[in-house]
2 protein chains.
Amino acid sequence: MDEKKLSSQVVKRLPRYYRYLSTLLQLGISRISSKDLGNRMGLTSSQVRQDFFCFGGNGLQGYGYDVGFLHQEIHKLLGLQHSHTMIIIGAGSLGHALAKHANFEKSGFKLAGIFDVKPELIGEKIRNVEVQPVDDLPDFLSKNPVDIAVLTVPENCAGEVARLVADLGVKALWNFSPVELMMPEDIIVENTHMIDCLMVLGYNLQEKSLREESLKEKP
Amino acid sequence: MDEKKLSSQVVKRLPRYYRYLSTLLQLGISRISSKDLGNRMGLTSSQVRQDFFCFGGNGLQGYGYDVGFLHQEIHKLLGLQHSHTMIIIGAGSLGHALAKHANFEKSGFKLAGIFDVKPELIGEKIRNVEVQPVDDLPDFLSKNPVDIAVLTVPENCAGEVARLVADLGVKALWNFSPVELMMPEDIIVENTHMIDCLMVLGYNLQEKSLREESLKEKP
DNA sequence: TAGATTGTTAATCGATTAACAATC
DNA sequence: TAGATTGTTAATCGATTAACAATC
């Protein structure tokens, strides 16, 4: 069915479309034009049509797109009909926050375990999942297949932990440590570097104030 | 000095270069070639040279780039010599985690305040910053100019809070709520949608398993 | 000097936008 | 029918890669 692979840019937009279509459904809106959707999401209508065309646009000329159908289609594309298992390694404040994040479970990402090295954290229950010692990971992973490992460990051990779980069969890593992970080709890696986001914000803030200054000087 | 505006793709890579160069400095490595740096970061040497060329590449033919100088240069480009003030709105687990994130302060992002609506959270101190009622925001912002507001509030009030702080003079928003914020042009918005990252991971996992299946069928 | 590696232009690739016939 | 809006191709734009003379 989904013959052609979608470009990475389109894939990145899929969750946004999905979220937006969910909102529309909740509002009871069952049809939308590419122009409307684009306007609301800050995209051109051309891009919306082109994107939907990639996975078999199901619009109706002169009418627009069926919100429910589109929603379903993207649901399938994203593989949300299947659930994924996930473990969190590093039960610090960020690990806690992610473990408590309600939306993950709703979208089929099931938290199977939380791990840490600190003895004082072991045994604590977060959302019914107990924090276990990192040393138990090999044993745990041999019994429970896990798709995604979330790395919320300190910078200096991220690489080591990543290699460990990759060797133990975890297929994908979601890395929050501000380091470049060097992983074998077949391991899927997604980085969320918070500090990078802030720095880009900082750059844009600086750009903006420089622009404003030069406007003042040469009016 | 920095005459031409950098393309957004280059800006996004700057923090990564910066981080990588920091590591090299710590290792006592003071010179690197575009080939080497590219290899380690998963970029082509061509791209590295092209990127550095944008902001006045300072390499030496036959020799490579001076790590220290490059590091300094990107530091300046990112505006890290200036510090930025930041408030966090929403003192839930994610707000907590971000407030405790040590790297932010190190890079010049100073936490000036934390706000929430829940009475039981008011008064709690996180890293020496007290949680204040959201109702005090107008008063607080009139006395303390703030560059960045971090939104870690529930989905249903993100839009409202965003408009409020934008009206009160905050220049940039770092939004963690899974909603599209409609903001005036001059407000800088950076979105970090955790669930989107997971969904992209999920898509890639599905792609991978489909590829592997079809390999098994037709060998 | 010979080898290495940059600076910089040109070529290629990919993504976005424009255009418009098809058709609901 | 007339108006709206898609599907789809072509044009444009931007980003990445290739190439190579310059030069350390």
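Protein chains get the first letters and strands the later ones, always in sequence-line order, with residue 1 at the start of each. When reading the values below, keep in mind they use all heavy atoms of this one structure, side chains included, and skip hydrogens, waters and symmetry mates.
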- Between B:H84, B:M86, B:E190, which is the residue that forms a side chain to side chain contact (heavy atoms under 4.5 Å, CB included) with A:L198? B:M86
- When you check the phosphate oxygens OP1 and OP2 of C:dT5, does a side-chain N or O of B:S34 lie under 4.0 Å from one of them? no
- Query: Would you say B:Q47 reaches D:dT16's phosphate, i.e. side-chain N/O to OP1/OP2 under 4.0 Å?
  - Reply: yes
- Kindly say whether, by distance alone, the side chain of A:S7 makes a donor-acceptor pair under 3.5 Å with the base of C:dA15? no
- Ranking B:S8 and B:Y63 by the position along DNA chain D of their nearest nucleotide, the one closer to 5' is B:S8
- Query: For C:dT16, does either OP1 or OP2 sit under 4.0 Å from a side-chain N or O belonging to A:T44?
  - Reply: no
- Item | Integer-rounded Å distance: D:dT17 C1' and B:D51 CG | 12 Å
- With respect to the phosphate group of D:dG7, does any side-chain polar atom (N or O) of A:Y65 fall under 4.0 Å of OP1 or OP2? yes
- Message: Any side-chain N or O of A:R49 below 4.0 angstrom from OP1/OP2 of C:dC20?
- Response: no
- Can you find an N or O donor on one side and an acceptor on the other, under 3.5 Å apart, linking the side chain of B:Q61 with the base of C:dT6? yes
- Here the pair of heavy atoms bringing A:R40 nearest to B:M182 is O-CE, 3.2 Å
- Applying the 3.5 Å cut-off to both distances, the Watson-Crick or G-U partner of D:dT12 turns out to be C:dA15
